[in-house]
Protein chains: 4
Amino acid sequence: MTSMVGATALRAGLAEPLGCVTELPELASPALPGLGELVFGGHDISDITLEKKVENLVAAGVLPARPAAAVADKLDELQRELRPVPTAATQLETARLIAQDIDDFRRRRGLERVVVVNVSSTEPAPVPHPAFSSLDHLRSAMASSAVLPPSSLYAYAAFSAGCPFVDFTPSTGARLPALIALAAEAGLPYAGHDGKTGETLVKSVLAPMFALRHLRVRTWAGTNLLGGGDGANLADPAARAAKSGSKQRVLKETLGYQPQGSSHIEYVDDIGDFKTAWDLITFSGFLGTQMRMEFTWHGCDSALAAPLILDLARLTAAAHAAGRTGPLTELAFFFKDPLGDVPHGLADQWARLAAFVRGLSDV
Amino acid sequence: MTSMVGATALRAGLAEPLGCVTELPELASPALPGLGELVFGGHDISDITLEKKVENLVAAGVLPARPAAAVADKLDELQRELRPVPTAATQLETARLIAQDIDDFRRRRGLERVVVVNVSSTEPAPVPHPAFSSLDHLRSAMASSAVLPPSSLYAYAAFSAGCPFVDFTPSTGARLPALIALAAEAGLPYAGHDGKTGETLVKSVLAPMFALRHLRVRTWAGTNLLGGGDGANLADPAARAAKSGSKQRVLKETLGYQPQGSSHIEYVDDIGDFKTAWDLITFSGFLGTQMRMEFTWHGCDSALAAPLILDLARLTAAAHAAGRTGPLTELAFFFKDPLGDVPHGLADQWARLAAFVRGLSDV
Amino acid sequence: MTSMVGATALRAGLAEPLGCVTELPELASPALPGLGELVFGGHDISDITLEKKVENLVAAGVLPARPAAAVADKLDELQRELRPVPTAATQLETARLIAQDIDDFRRRRGLERVVVVNVSSTEPAPVPHPAFSSLDHLRSAMASSAVLPPSSLYAYAAFSAGCPFVDFTPSTGARLPALIALAAEAGLPYAGHDGKTGETLVKSVLAPMFALRHLRVRTWAGTNLLGGGDGANLADPAARAAKSGSKQRVLKETLGYQPQGSSHIEYVDDIGDFKTAWDLITFSGFLGTQMRMEFTWHGCDSALAAPLILDLARLTAAAHAAGRTGPLTELAFFFKDPLGDVPHGLADQWARLAAFVRGLSDV
Amino acid sequence: MTSMVGATALRAGLAEPLGCVTELPELASPALPGLGELVFGGHDISDITLEKKVENLVAAGVLPARPAAAVADKLDELQRELRPVPTAATQLETARLIAQDIDDFRRRRGLERVVVVNVSSTEPAPVPHPAFSSLDHLRSAMASSAVLPPSSLYAYAAFSAGCPFVDFTPSTGARLPALIALAAEAGLPYAGHDGKTGETLVKSVLAPMFALRHLRVRTWAGTNLLGGGDGANLADPAARAAKSGSKQRVLKETLGYQPQGSSHIEYVDDIGDFKTAWDLITFSGFLGTQMRMEFTWHGCDSALAAPLILDLARLTAAAHAAGRTGPLTELAFFFKDPLGDVPHGLADQWARLAAFVRGLSDV
Ligand SMILES: NC(=O)c1ccc[n+]([C@@H]2O[C@H](COP(=O)([O-])OP(=O)(O)OC[C@H]3O[C@@H](n4cnc5c(N)ncnc54)[C@H](O)[C@@H]3O)[C@@H](O)[C@H]2O)c1
Ligand SMILES: NC(=O)c1ccc[n+]([C@@H]2O[C@H](COP(=O)([O-])OP(=O)(O)OC[C@H]3O[C@@H](n4cnc5c(N)ncnc54)[C@H](O)[C@@H]3O)[C@@H](O)[C@H]2O)c1
Ligand SMILES: NC(=O)c1ccc[n+]([C@@H]2O[C@H](COP(=O)([O-])OP(=O)(O)OC[C@H]3O[C@@H](n4cnc5c(N)ncnc54)[C@H](O)[C@@H]3O)[C@@H](O)[C@H]2O)c1
Ligand SMILES: NC(=O)c1ccc[n+]([C@@H]2O[C@H](COP(=O)([O-])OP(=O)(O)OC[C@H]3O[C@@H](n4cnc5c(N)ncnc54)[C@H](O)[C@@H]3O)[C@@H](O)[C@H]2O)c1
Ligand code: NA
Ligand code: NA
């Protein structure tokens with residue numbers, strides 16, 4: 001939502017594109033659609049209007065009053081493209097309706113392509129089901145029971161509609177053999193998982209620092225205090241488990257071992273969208289000397305996530321246009337839990353991202 | 001001093017080489033002399049014995065008691081190679097005596113080469129002098145007056161003795177046109193400035209993180225509380241000015257602009273060698289949202305610096321052996337204020353260092 | 001300024017009196033004038049209008065938009081009572097004009113009494129002058145040269161107009177023998193110095209904690225980053241010296257000794273009125289074990305100071321009404337550098353304040 | 001254990017009595033037994049020798065090497081008075097054996113009185129049992145089944161042996177109607193619960209600060225990282241629940257309402273006995289302005305607890321000597337979860353403690 005409002009404000013020249021990685025000179029490329037060329041639509045189970053949401057964000061200090069006011073007259077137009085999630089008797093039929101919606105949107109707005117981005121609430125991990133491993137079995141199962149978690153249903157619908165799929169959440173999404181097969185069949189790229197916006201972003205530069213300096217990290221323990229919708233949802237232990245898993249991977253992958261300590265998430269309504277994370281790192285150096293570092297990160301989740309969603313839409317659209325299929329592992333820079341066997345240090349991820357963008361314009 | 005004791009302990013298998021970057025598998029190279037092949041000697045104006053210094057470090061919790069005890073019987077041998085700084089009527093003559101000492105040491109111990117590393121107290125910036133710009137003028141000036149600051153005198157002596165020179169301090173060292181000419185004439189490499197061990201190390205990964213994410217850093221203000229010899233010396237405003245300059249460069253170079261705020265240094269005797277640095281960073285993201293981060297670094301300066309000195313000795317020796325001359329800009333990874341027009345982000349510096357080491361063994 | 005706007009908002013029932021100590025049930029007393037009975041006026045050398053100042057505070061996030069809007073129509077009325085500082089040929093004459101202004105204000109608004117509160121920029125300590133020690137000498141000196149710093153000039157004028165004087169700044173104010181004599185002569189009370197709103201407030205509860213637990217504080221070092229007018233003014237080393245002095249007294253007084261470390265103040269424009277202070281405390285416990293604590297305080301100076309100014313006006317007015325004269329040492333609770341030989345721990349100061357208020361209504 | 005070793009070291013003049021509250025001049029009283037008069041004994045289920053424990057504490061940096069070495073020859077004597085917990089067929093019989101042990105100890109060492117202090121691992125809350133409410137029922141139940149949790153069994157045994165009982169843990173201890181009746185019957189005093197050594201100590205001064213300044217605390221969320229035996233035991237959710245409860249009470253009691261956020265405990269083996277706690281506090285001030293504070297506490301639990309145990313032994317012995325019976329509510333200063341309807345702010349608790357000590361010598 002912040003992405004839509006923000007893109008509208010950027011287009012109107014009301015703000016600088018801070019936080020938009022694809023607006024850095026190093027990633028400028030004719031292959032990327034312009035920020036001004038993006039058109040937004042979506043499905044949500046909530047019926048809170050955009051107007052109300054903007055009002056809330058302004059009150060919370062997330063959205064400055066000025067750009068919010070300036071886009072007020074564009075909200076109606078945006079709102080028209082926001083739909084309730086279709087419901088049907090079977091998941092197969094629901095998926096068909098969602099795909100239909102997407103296709104109508106593409107046609108109605110005269111778009112070259114649509115990128116589907118999942119930004120809905122984190123789901124608990126689904127109970128494994130035999131139908132997950134084959135597309136045929138999956139289709140039969142979907143015809144009779146609600147076998148897929150919502151994120152995977154959306155991935156199915158996106159691929160069915162010929163659209164690339166990006167998962168900004170830690171949910172399952174396209175990560176099922178049957179869906180990977182569907183993407184391959186349809187010749188579509190996909191990306192994920194779980195936007196890297198706060199504590200994990202910092203980890204992805206600090207962990208390599210310790211590794212490159214040959215310092216042994218003994219403990220890395222963190223606490224995330226957050227309110228907002230995501231926080232409320234993560235108060236559910238099952239959803240939280242999915243998220244905490246995402247957050248710890250970077251240490252193991254970057255250091256080569258798992259330090260002690262875990263990443264704790266706590267819901268505090270009053271904190272709202274301004275998350276506070278605190279991490280303690282203890283480490284050993286020369287001759288075993290014990291040292292320590294702590295950091296506090298006080299970031300606004302929406303303001304950090306929204307521009308990345310614009311980036312991912314642009315990059316994935318360009319990848320699609322360039323004929324890329326399968327997992328877009330070069331987008332690891334954006335994710336806590338990236339697809340593929342990729343580097344987890346931010347600098348290496350950046351190098352791969354930059355090469356990817358250069359490759360797009362070579363096509 | 002911690003380097004010598006530590007290398008002795010490592011050699012005896014009493015500790016892991018934590019903090020030694022050249023012991024990481026990625027930098028393993030036959031071109032580097034083994035840690036066990038290093039032999040130590042030095043000049044100091046203080047006459048505190050090694051035994052006393054080790055005792056102090058153990059009491060301060062910097063040196064664990066076990067390795068300290070284990071090397072006790074090696075201290076005599078190390079002590080024999082530590083000399084008071086020679087004094088003579090003119091700087092030219094002093095330099096000759098220092099060079100003589102170095103040469104004697106090389107011969108006596110049957111060494112292939114000697115790398116001179118400056119780890120003496122930070123000096124104030126010297127008053128500019130016309131003789132700095134030409135080797136001939138410098139030699140005439142040195143024959144009559146004390147024109148060079150000590151660090152540059154040592155660089156002069158090192159080059160005269162045919163030795164590469166590494167400056168681990170923010171002092172002037174080899175950074176005078178006359179000395180650069182001398183190094184060129186003698187075909188010698190040199191490296192510097194100011195070992196990157198604490199707050200600046202963290203800056204060199206966090207600043208690129210903000211830059212790569214297109215987040216605008218508004219304020220970056222820091223406080224360093226430190227005791228120990230370096231702290232006491234930095235209580236002198238002139239010495240501190242040299243140091244603070246070193247510490248801020250990374251922001252300008254990595255971000256492309258200078259955020260508000262400065263880096264404050266305060267001497268607190270009780271803190272000892274365990275420096276505590278605190279930094280506050282405020283930054284703007286999408287639509288101008290204001291966010292903040294703070295970190296506290298609680299590191300033991302000696303334990304962080306000592307292994308780097310071993311690394312620099314090995315790398316510079318190998319560069320010398322490979323015929324490298326002039327500034328070793330590829331060693332920027334180790335310095336707060338690196339020589340040359342080089343990247344200041346740690347990851348880029350690492351890539352250059354790794355390529356440098358690979359290049360050495362290709363020779 | 002925030003006090004005036006705030007009091008207006010409180011009166012209109014637009015906000016709760018948070019931060020107002022005299023609104024706590026424990027201090028409720030018929031002897032105190034009601035918040036709604038206060039009437040504001042003042043002198044300032046700046047001619048920025050109230051409207052502009054409110055606008056700035058709202059933009060900075062200090063003043064919420066709602067109460068600001070609600071008092072918009074009251075600003076004119078407030079503005080009318082704000083005057084430029086009168087200027088005359090001699091300080092004696094200037095003081096007369098200021099006293100006249102105060103007297104006119106009292107009459108025009110039909111007030112029982114006026115409390116003069118100094119909230120102007122921190123001054124450097126004045127050069128000592130012989131006339132400071134006697135009222136007669138002072139008057140002669142004022143007739144010919146500008147011998148008093150502004151804060152003391154205002155104290156002189158206040159006392160001349162028969163008004164109690166409160167100094168919310170670390171400036172000299174009434175702290176000169178000649179002015180103390182004047183207050184005594186006029187039978188007036190006065191209070192000060194330097195409102196306790198942030199780091200020092202925290203110190204005044206943490207330092208007693210260490211003392212009561214018999215823990216020895218070794219280092220207490222702090223950094224204050226602040227912007228705003230006060231910050232800009234404190235960028236001047238002479239003004240800063242006055243302030244830092246105020247901030248350290250509490251440790252000596254509460255602990256009985258002065259730990260190592262100082263309190264550093266740095267001006268960072270971007271930080272604005274939201275000051276960030278960081279303190280490191282190291283301490284020794286049983287058998288000499290070394291421990292540490294750090295805290296970060298992120299407070300809005302205006303929001304912390306404004307309600308205290310209302311408190312001080314009410315309390316000082318009541319003291320005046322009750323016939324109190326001389327230093328109001330029972331108001332130490334409010335000050336970094338309180339008058340008299342008083343406790344510096346917050347809890348003890350609170351006990352004295354509560355007793356003082358009870359005493360007022362006994363009268 | 002640290003108490004015993006420490007008291008021995010203090011007696012030998014090897015250390016200052018830092019952390020011992022009863023050594024402050026304000027609490028000096030002839031009514032208190034001297035530190036040098038205390039004699040130690042105890043029961044533990046572990047059979048790790050004192051020598052080994054001292055060795056571990058020195059290695060962990062908790063006990064400085066010097067006092068540890070100096071008391072080495074006293075360890076045997078101390079060890080002789082440490083016993084395994086007696087085991088018998090019924091709890092009634094076990095209690096009798098424990099009481100017997102205590103009585104033998106008193107006689108053997110020629111002591112005036114013995115104070116029993118529970119410092120064993122935190123227990124989960126027991127399942128309520130009807131026998132808890134009457135001493136007669138309890139005795140019958142104890143004759144056939146293990147109805148009491150260990151802490152309450154020790155309280156029973158202590159009272160049976162005519163000894164006051166202090167509970168330094170959050171376990172049940174004497175807090176059962178049947179045991180309260182037993183203490184009354186025997187005319188004995190008791191104290192508790194849960195020594196206040198770290199985060200809660202800080203809360204007990206910061207929470208009153210916010211209250212006295214009329215600032216509304218919105219969130220108070222904390223994380224405690226700790227290793228050691230207590231940490232390992234608290235990794236058990238049931239034990240942790242007992243502890244977290246203790247830690248939150250102070251906020252409700254001091255502020256008058258419960259802010260959002262909880263107190264999280266995480267076991268990190270590597271952290272050892274040096275606990276790190278981090279707390280975030282958000283609060284509202286004048287006109288609703290949002291502010292925040294954070295603190296990190298890095299304390300050594302043993303070094304903080306040991307002197308308090310000496311204090312409690314002295315104070316409780318003196319209370320017993322003075323004929324005090326029932327809950328010693330004046331000792332709230334020492335506890336996270338104090339007995340009785342008492343103030344939770346540290347300063348008020350101190351005032352009551354000081355009055356209590358003065359009262360003792362008046363007797
Ligand atoms: N905001 C960030 O910074 C950030 C960063 C990384 C990852 N994420 C992830 O993005 C997701 C969204 O986060 P958020 O902060 O925007 O949360 P949010 O609670 O504010 O928004 C989630 C939205 O998803 C909708 N929704 C829930 N279930 C749905 C369904 N089955 N179908 C369609 N819509 C549904 C909700 O109605 C709500 O509008 C979470 O998984 C979160 O972990 C967010
Ligand atoms: N230790 C670190 O972590 C670290 C990191 C980066 C840079 N540095 C730099 O390294 C230098 C040394 O730091 P340190 O912490 O070891 O300081 P230190 O005070 O412990 O040691 C400095 C030594 O230099 C000797 N010395 C002073 N003047 C001399 C001279 N003219 N000739 C010969 N010897 C002389 C002193 O006697 C002393 O033994 C400083 O410039 C410091 O800024 C240190
Ligand atoms: N705001 C706080 O939280 C706080 C807390 C404790 C103490 N103080 C003290 O209060 C004083 C004011 O602080 P502030 O933050 O409001 O500063 P500010 O810079 O915002 O305001 C100072 C005002 O004083 C006016 N001024 C300067 N010199 C004057 C003079 N000679 N006569 C009349 N007016 C004059 C300026 O024009 C300005 O309007 C400072 O001494 C500060 O140290 C403020
Ligand atoms: N150390 C502190 O700072 C501190 C502060 C407040 C409260 N406490 C409380 O004190 C208690 C002890 O803490 P610690 O850090 O010393 O823990 P610890 O694990 O180091 O020691 C606990 C001891 O109790 C013994 N024990 C366990 N069960 C027993 C039983 N049934 N009978 C006899 N002995 C038994 C264990 O063998 C062990 O020696 C805990 O409840 C803790 O919460 C400790
Ligand atoms: Na911190
Ligand atoms: Na912090």
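So that the names make sense, note that chain A is the first sequence line, chain B the second, and so on, each numbered from 1.
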### Task
Examine whether an atom of C:Ala277 lies under 4.5 Å from a heavy atom of chain D, and if so say whether it belongs to the side chain, the backbone or both; otherwise answer neither.
neither
## Note on the structure
Looking only at heavy atoms, the pair that brings C:His344 and C:Gln349 closest together is CA-NE2, 3.4 Å
#### Entry: D:Leu280 portion near chain C, given a 4.5 angstrom heavy-atom threshold
neither
### Message
Closer than 4.0 angstrom, basic N to acidic O: yes or no for D:Glu23 and D:Arg314?
### Response
yes
## Note on the structure
Turns out that what part of C:Leu57 lies under 4.5 Å from chain D's heavy atoms comes down to neither
### Summary
Between the CZ atom in C:Phe274 and the CE atom in D:Met291, the distance rounded to the nearest 0.5 Å is 7.0 Å
### Query
Closest approach of C:Tyr257 and C:Leu215, non-hydrogen atoms and distance?
OH-O, 3.9 Å
### Task
Go through the atoms of C:Lys275 and report whether side chain, backbone, both or neither lie under 4.5 Å from a heavy atom of chain D.
neither
### Query
For C:Ala15, is it the side chain, the backbone, both or neither that has a heavy atom under 4.5 Å from a heavy atom of chain D?
side chain
### Query
Between C:Val21, C:Leu346, C:Leu212, which residue shows the highest count of heavy-atom pairs closer than 4.5 Å to chain D?
C:Leu212
#### Entry: Heavy-atom contact with chain D under 4.5 Å, split by part of C:Thr2
both
### Query
Which heavy atom of D:Ala347 sits nearest a heavy atom of C:Ala347, and at what distance?
CB-CB, 2.9 Å
### Query
Where does C:Leu10 contact chain D at under 4.5 Å (heavy atoms): side chain, backbone, both or neither?
side chain
### Query
Which word best sums up how the rings of C:Trp297 and D:Phe283 line up, parallel for under 30°, tilted for 30 to 60°, or perpendicular for over 60°?
tilted
### Message
So for C:Leu201, is it side chain, backbone, both, or neither that comes closer than 4.5 Å to the heavy atoms of chain D?
### Response
both
### Message
Testing the basics here: between C:Leu251 and C:Pro259, what is the closest heavy-atom pair and its distance to 0.1 Å?
### Response
CB-CD, 4.1 Å
### Task
Side chain from CB out, backbone as N, CA, C, O: work out which of these in C:Phe210 comes under 4.5 Å of a heavy atom of chain D, or both, or neither.
side chain
## Note on the structure
Checked C:Ile281, C:Leu27, C:Thr276, C:Leu308 vs chain D; the most non-hydrogen pairs under 4.5 Å come from C:Leu308
### Query
Looking at C:Gln290, C:Arg216, C:His298, C:Arg213, which one has more heavy-atom pairs under 4.5 Å with chain D than the rest?
C:Arg213
### Task
State whether the number of non-hydrogen atoms from other residues, nucleotides or ligands found under 6.0 Å of D:Glu51 atom CD is greater than 12.
no
### Query
Under 4.5 Å between any side-chain heavy atoms of C:Lys336 and C:Ser204, yes or no?
no
### Message
Looking at every non-hydrogen atom in both residues, tell me the closest pair between D:Ser263 and D:Asn224 and how far apart they are.
### Response
OG-ND2, 3.6 Å
### Query
Which bit of C:Leu24 is near chain D, if near means a heavy-atom gap under 4.5 Å: side chain, backbone, both or neither?
both
### Task
Against chain D, work out which of C:Ala211, C:Cys20, C:Ser302 has the most heavy-atom pairs shorter than 4.5 Å and name it.
C:Cys20
### Task
Could you tell me which portion of C:Ala7 (side chain, backbone, both or neither) has an atom closer than 4.5 angstrom to a non-hydrogen atom of chain D?
backbone
### Summary
Comparing D:Met293, D:Glu26, D:Glu16 against chain C, the one with the most heavy-atom pairs below 4.5 Å turns out to be D:Met293
### Task
Could you pull out the closest heavy-atom pair between C:Thr289 and D:Cys300, with the gap in Å?
CG2-CB, 3.8 Å
### Interface moiety of C:Val202 toward chain D, non-hydrogen atoms closer than 4.5 Å
both
